[in-house]
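These notes are about the structure you will find just below.
As the structure lists them, so they are numbered: ligands from 1, and atoms in each ligand from 1. Start at 1 with the first residue, then count along the sequence. Because the structure is a prediction, the values reported are computed rather than measured.
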Amino acid sequence: MALSQKLLEQRLNRPVKYFDQVESTNDAAKAWLAAGAPEGAVVIADEQTRGRGRKGRSWHSPPDAGLALSLVLQPDSAHLPRVNLVAALSVYDLVRECGCEQVGIKWPNDVLADGLKVSGILPEAVWEASRLKGAILGIGVNVRLDFSGSALRHSAISLEDVAERQLDRGELIASLLRRLDHWYRLIASPALFAAWKSRLITLSQPVRVGEIEGVAVDVTADGALLIRDEQDNIHHSGTGDLVMNAEERLH
Ligand code: BTN
């Protein structure tokens, strides 16, 4: 059954724009926000032709294979960095719901299942002069992408591989949106940060973020990573690609 039909069976209780094919759901959500989309509105696509990843990378979104959605949020600007945490916790819950026990969040927002990346998260802020107009929270989940024979075979995995059964993408989207609503309600609460921190697999591990190498010793309330180098200097890393030197620890 087509994803559009599956979504009709779900009560998503929010404004939805669905595309069989779109360049990027984040871009479509930004355009919708500019045209007045309310908080909670979501753009969903079966296929993205120019899906975007972090750091200018592309995100592969072929038809019938994954989830690609972008949620319009209007958080207080003080809570903007926590939008990342909301997404990571929601995907974490989704992977758990699919029966995977080896789930963890690799700082800042990669959800790993059985040690491999199962989703990508791309939050983007939209400013109107110095006023935050909104945040677009883009989430991609590999549901049945086949990575065997691809360069990503040692780093990426699909949900159906860990669930060991066929999954209904309409149900997955409905469930993910319920989890997003749940964690977003807690955006101002210390409970959100505590939950995210407790699911991080990065702390106490040797790491490298850009030029900084050391041990990940803590995270700040805004989600930045604190790294202690060999000279005992503490570095504060707000973004960046993390390389974990040791084998990744899951829980
Ligand atoms: C990453 O590099 O890990 C982040 C990937 C984010 C991909 C999602 S798919 C839905 C949304 N639309 C996009 O163009 N990108 C995000």
Side-chain angles (χ1 to χ4, degrees), residues 3 7 12 14 16-34 37 40-73 81 83-92 94-95 103-113 115-126 134-145 147 150-152 154-159 169-170 172-174 176-177 179-180 200-202 209-210 223 225 238-244 248:
L3 180 59
L7 287 171
L12 298 181
R14 63 184 68 239
V16 177
K17 271 194 189 181
Y18 169 78
F19 297 89
D20 283 330
Q21 187 189 71
V22 73
E23 288 196 348
S24 154
T25 55
N26 265 32
D27 293 344
K30 269 188 205 165
W32 196 8
L33 176 66
V42 66
V43 176
I44 302 170
D46 182 31
E47 176 187 8
Q48 296 183 112
T49 54
R50 295 183 65 171
R52 294 191 288 106
R54 290 171 51 211
K55 308 211 158 272
R57 287 187 292 249
S58 61
W59 179 261
H60 187 47
S61 279
D64 192 37
L67 310 184
L69 59 90
S70 299
L71 188 60
V72 174
L73 297 173
V83 162
N84 235 334
L85 282 52
V86 167
L89 283 165
S90 303
V91 175
Y92 177 100
L94 183 74
V95 179
V103 193
I105 300 173
K106 179 175 141 184
W107 182 89
N109 64 12
D110 278 343
V111 178
L112 305 189
L116 302 170
K117 176 162 163 153
V118 73
S119 80
I121 292 167
L122 183 65
E124 294 184 300
V126 179
I136 305 301
L137 182 52
I139 303 180
V141 181
N142 308 325
V143 178
R144 59 182 77 101
L145 275 91
F147 294 106
S150 102
L152 297 176
H154 299 304
S155 57
I157 194 166
S158 285
L159 261 191
R169 289 185 301 148
L172 291 174
I173 287 171
L176 180 59
L177 288 169
R179 300 312 301 162
L180 286 162
L200 276 181
I201 57 171
T202 311
V209 182
L225 188 66
T239 55
D241 273 328
L242 176 81
V243 177
M244 288 176 98
E248 277 153 355

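For atom 15 (N) of ligand 1, the closest non-hydrogen atom of the protein is Arg52 O, 2.7 Å. With respect to atom 5 (C) of ligand 1, the closest heavy atom belonging to the protein is Trp59 CE3, 3.4 Å. For atom 3 (O) of ligand 1, the closest non-hydrogen atom of the protein is Lys117 NZ, 2.6 Å. Of the protein's heavy atoms, Arg54 N, 3.6 Å lies nearest to atom 1 (C) of ligand 1. Ranking protein heavy atoms by distance to atom 8 (C) of ligand 1, first place goes to Gly140 N, 3.6 Å.
Of the possible donor and acceptor atoms, none in the side chain of Asp46 sits under 3.5 Å from a partner among the backbone N and O of Pro63. A donor-acceptor distance shorter than 3.5 angstrom exists from the side chain of Gln48 to the backbone of Thr25, with no hydrogens or angles considered. A donor-acceptor distance shorter than 3.5 angstrom exists from the side chain of Ser158 to the backbone of Leu145, with no hydrogens or angles considered.
Residue contacts with ligand 1, taken as heavy atom pairs separated by less than 4.0 Å, involve Gln48 solely via side-chain atoms from C-beta onward. Contacts between Ile121 and ligand 1, counted as non-hydrogen atom pairs separated by less than 4.0 Å, involve the backbone only. Of the heavy atoms in Ser70, only side-chain atoms (C-beta onward) come closer than 4.0 Å to ligand 1.
Of the polar atoms of Arg50, none of the N or O atoms is found under 3.5 Å from an N or O of ligand 1, judged by distance alone. Residue Thr25 places at least one N or O, backbone or side chain, under 3.5 Å from an N or O of ligand 1.
Numbered from 1 in the order shown, with element, the atoms of ligand 1 that lie under 4.0 Å from a heavy atom of Gly51 read 14 (O). The Gly53 neighbourhood of ligand 1 comprises atoms 1 (C), 2 (O), 4 (C), 5 (C), with distances under 4.0 Å to a heavy atom of that residue. The contact set between ligand 1 and Leu69, taken as ligand atoms under 4.0 Å from a residue heavy atom, comprises 10 (C).
The closest side-chain heavy-atom distance from Pro108 to Leu225 is not below 4.5 Å.
Under the salt bridge (Lys or Arg N to Asp or Glu O under 4.0 Å) criterion, Lys30 pairs with Glu124, sequence neighbours left out.
Ligand 1 lies nowhere less than 4.0 angstrom from a heavy atom belonging to Glu23.
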Practice task
List the steps and the verdict of side chain to side chain contact (heavy atoms under 4.5 Å, CB included) for Leu67 and Val143.
Solution key: CA-CA 7 Å; Leu67 310 184; Val143 178; 3.8 Å; yes
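Taking all atoms of both residues into account, the shortest heavy-atom contact from Asn142 to Ser119 is ND2-N, 4.5 Å. Nearest heavy-atom pair across Pro123 and Asn109 is CD-ND2, 4.3 Å.
Atom CZ of Arg50 has 12 or fewer heavy atoms from other residues, nucleotides or ligands within 6.0 Å.
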